[in-house]
Amino acid sequence: MLTVEKIGGTSMSALQKVIQNIILYERDDTDRYNHVYVVSAFSGVTDMLLENKKTGKPGVYHRIAKHLDFHDALDHAAESLKKINKGQAELGLDLELADWFITMRIQRASVYLDNLVNILASGYVSKEGILLAAREILASIGETHAAFNLCNILQHMGVTTSLIDLSGAEDHHPWTIDQRIRQTFKGVDLKDRICIVTGYTKGKDGIMREFDRGYSEVTFSKIAALLKPKEAIIHKEYHLSTADPAIVGVSNCSPVGFTSYDIADQLADVGMEAIHPKAAKPLEINGINLRIKNTFEPSHPGTLITKDFVCANKRVEIITGTDKLMIIDVYDPLMVGSVGSDFRIMEIFLKHNISYTFKSTSANSISLVIWERHYNPRLVKDLQNEFEKVTVEKVALVCVLGSNMDQPGLLARSASALTEQGINIKSAGFALRKVNIQFLVAREDFKTAVIALNNAMTC
């Protein structure tokens, strides 16, 4: 059975487990073929090239953005990648060839980046476009490195393997992302080989322009939409669970067996991504089921995500949330009875390219929740110029999710669980479909709130 599978960065860093638990697991000589594996960069590599995804610690890219010399930082990245190579030599990696490959790619990237820096310094072109191109070039290094290494190791094990390099480093075709994927896979016979594919795809539309760090999942979903496998699989270092085991304890949660793309979207909205929401849409539209598996538990079936799944019994399926949010409350006594206050606020949010994750309204105020990393003091200043009072506060959001949980008393039971722990609910909300009930609480109450809801619900 043809599958298209995505292997995450943390899993890739345990490369021997990837080979044992994914590529060769319970597959004989014929079963191991007809599989396409889209790989992320090894853990920490893209953070080093761009910036740390969680902390924001700057990488090579930020030296370019700040008009600083980037060559030493890029050389340091090259040495780090060669150190990874050395650690994989015992798996059968041709160390000399792998080091040559990354040296060649880094040198080519350096030439391109030098040209971009010179053009940027001229002042004749848009800074935004040049810096986006720099991010694309740097991002492509990590995925090509990981794909080359895995392909080389499998070939030395006697496995027929083809490297599918979508980074476009060897050509100048002005293809879109979709065109490059179609052209690259044209004529490739999948039945007698394993294909290892770079998670980064070069395209004239720029894969990072819209998806930024979610680009490898976009590549994965577009390939799946092209090849039409019965099932697409994402391998992560953890199960998609009923709650975060690091918060509630392993014994107090369990892997989710089945859920829907709708619930996957709800998870992504609070930062707990089963898959990037824009990457999920091609799969959902094409009727391709998605399975989330734990790399380190290969015998476990994982979570199957389908378009139409609805839980047979009314129950909460997942407790989740985040403590990395800020609430912006906009108050003005002139709001009551007037038309367009919400629109004026949205115009200001659009001006600063900021989206909200939660909103509640009353007669004279509108509260909106954004990610803390998106907070911009200029946004608040523009709101203050339009409205009487703007209040900003750090908050956390906890949610109860389920494809079939609309039942009398669920809201009361959830609120009571928080109240019994002395947690004040700052705001709450849900849409008519009731697949996601959300509570805003103080940041210091976040973990306690997750545990309280988890204990109160039958997950």
Side-chain angles (χ1 to χ4, degrees), residues 214 243-244 247 261-274 276-278 280 316-332 335 341-377 379-380 382-383 387 389-403 405-406 410-415 417-419 423-450 452-454 457:
D244 186 346
I247 296 177
Y261 279 110
D262 188 1
I263 296 299
D265 288 344
Q266 305 299 324
L267 289 169
D269 202 40
V270 293
M272 185 182 170
E273 285 187 6
H276 191 289
K278 291 184 178 179
V316 172
E317 296 168 36
I318 301 174
I319 307 294
T320 188
T322 178
D323 60 352
K324 297 177 174 58
L325 299 172
M326 300 187 78
I327 186 168
I328 300 175
D329 183 74
V330 181
Y331 166 82
D332 198 301
M335 280 187 186
S341 297
D342 199 349
F343 178 73
R344 288 161 58 202
I345 293 173
M346 288 299 95
E347 282 188 315
I348 296 172
F349 270 66
L350 178 63
K351 171 186 173 182
H352 292 279
N353 195 31
I354 294 175
S355 178
Y356 64 87
T357 63
F358 175 97
K359 181 170 71 172
S360 63
T361 66
S362 66
N364 291 326
S365 69
I366 299 175
S367 298
L368 304 103
V369 175
I370 66 172
W371 288 99
E372 184 176 10
R373 64 179 181 271
H374 294 158
Y375 174 73
N376 184 343
L379 167 72
V380 175
D382 285 348
L383 290 169
F387 301 95
K389 184 179 180 181
V390 178
T391 305
V392 181
E393 184 179 340
K394 295 180 179 180
V395 293
L397 181 75
V398 288
C399 315
V400 293
L401 305 175
S403 58
M405 66 176 192
D406 185 11
L410 178 60
L411 178 61
R413 187 153 51 100
S414 303
L418 299 176
T419 302
I423 297 171
N424 183 45
I425 299 171
K426 294 178 177 292
S427 185
F430 53 87
L432 181 63
R433 292 173 52 251
K434 294 187 181 69
V435 295
N436 184 359
I437 299 178
Q438 302 172 301
F439 299 94
L440 284 174
V441 300
R443 277 196 180 177
E444 59 267 24
D445 291 331
F446 173 63
K447 291 185 178 180
T448 304
V450 171
L453 289 174
N454 190 61
M457 305 298 152

Flag side-chain contact, heavy atom, 4.5 Å: [X] against [Y]:
{"X": "M457", "Y": "L410", "result": "yes"}
{"X": "K324", "Y": "R373", "result": "no"}
{"X": "E393", "Y": "D329", "result": "no"}
{"X": "V450", "Y": "D244", "result": "no"}
{"X": "M346", "Y": "L368", "result": "yes"}
{"X": "L379", "Y": "I328", "result": "yes"}

Shortest non-hydrogen contact from [X] to [Y]?
{"X": "L383", "Y": "F349", "result": "CD1-CE1, 4.2 Å"}
{"X": "D269", "Y": "T357", "result": "OD2-O, 3.6 Å"}
{"X": "N436", "Y": "Q266", "result": "ND2-OE1, 3.1 Å"}
{"X": "G429", "Y": "F358", "result": "N-CE1, 3.9 Å"}
{"X": "N376", "Y": "H352", "result": "ND2-ND1, 3.7 Å"}
{"X": "S367", "Y": "I327", "result": "CB-CD1, 3.9 Å"}

Say you draw a straight line from [atom1] of [X] to [atom2] of [Y]; how long is it, rounded to the nearest 0.5 Å?
{"X": "I354", "Y": "Y375", "atom1": "CD1", "atom2": "OH", "answer": "9.5 Å"}
{"X": "I425", "Y": "Q438", "atom1": "CD1", "atom2": "CD", "answer": "13.0 Å"}
{"X": "L267", "Y": "Y261", "atom1": "CG", "atom2": "OH", "answer": "13.5 Å"}
{"X": "I345", "Y": "L350", "atom1": "CD1", "atom2": "CG", "answer": "13.5 Å"}
{"X": "N424", "Y": "D445", "atom1": "CG", "atom2": "CG", "answer": "8.5 Å"}
{"X": "M335", "Y": "T361", "atom1": "CE", "atom2": "OG1", "answer": "9.5 Å"}

For E317 and S403, indicate whether the former's side chain and the latter's backbone hold a donor-acceptor pair under 3.5 Å.
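Indeed, once roles are kept as given, a pair shorter than 3.5 Å links the two residues.
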
Just by modelled atom types, is the L453 backbone N or O under 3.5 Å from a matching donor or acceptor in the R413 side chain?
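Between the backbone of L453 and the side chain of R413 there is no qualifying donor-acceptor contact (under 3.5 Å).
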
Residues two or more places apart in sequence or in another chain: which of them pass side-chain hydrogen bond (donor to acceptor under 3.5 Å, both in side chains) with K351?
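Only D382 meet the side-chain hydrogen bond (donor to acceptor under 3.5 Å, both in side chains) criterion with K351.
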
side-chain hydrogen bond (donor to acceptor under 3.5 Å, both in side chains) partners for D332, two or more places apart:
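Scan of D332 (side-chain hydrogen bond (donor to acceptor under 3.5 Å, both in side chains), adjacent residues dropped) gives none.
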
Apply the test side chain to side chain contact (heavy atoms under 4.5 Å, CB included) to residues V390 and Y331: give CA-CA distance (whole Å), side-chain angles for both, the deciding distance (0.1 Å), then the verdict.
CA-CA 6 Å; V390 178; Y331 166 82; over 6 Å; no

Report the C-alpha distance between V369 and L397 in whole Å, list the side-chain angles of each, state the deciding distance to 0.1 Å, and finish with yes or no for side chain to side chain contact (heavy atoms under 4.5 Å, CB included).
CA-CA 9 Å; V369 175; L397 181 75; 5.9 Å; no

List in chain and number order the residues that pass salt bridge (Lys or Arg N to Asp or Glu O under 4.0 Å) with D265, two or more places apart in sequence or in another chain; answer none if no residue qualifies.
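Per chain and number, D265 pairs via salt bridge (Lys or Arg N to Asp or Glu O under 4.0 Å) with K281.
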
Considering residues, nucleotides and ligands other than K359, do more than 12 of their heavy atoms fall under 6.0 Å from its NZ?
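It does: K359 NZ has more than 12 such atoms within range.
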
K434, NZ: over 12 other non-hydrogen atoms inside 6.0 angstrom:
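More than 12 heavy atoms, drawn from other residues, nucleotides or ligands, come within 6.0 Å of this atom.
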
I would like to know whether I423 and F439 meet side chain to side chain contact (heavy atoms under 4.5 Å, CB included); could you show each step before the answer?
CA-CA 11 Å; I423 297 171; F439 299 94; over 6 Å; no

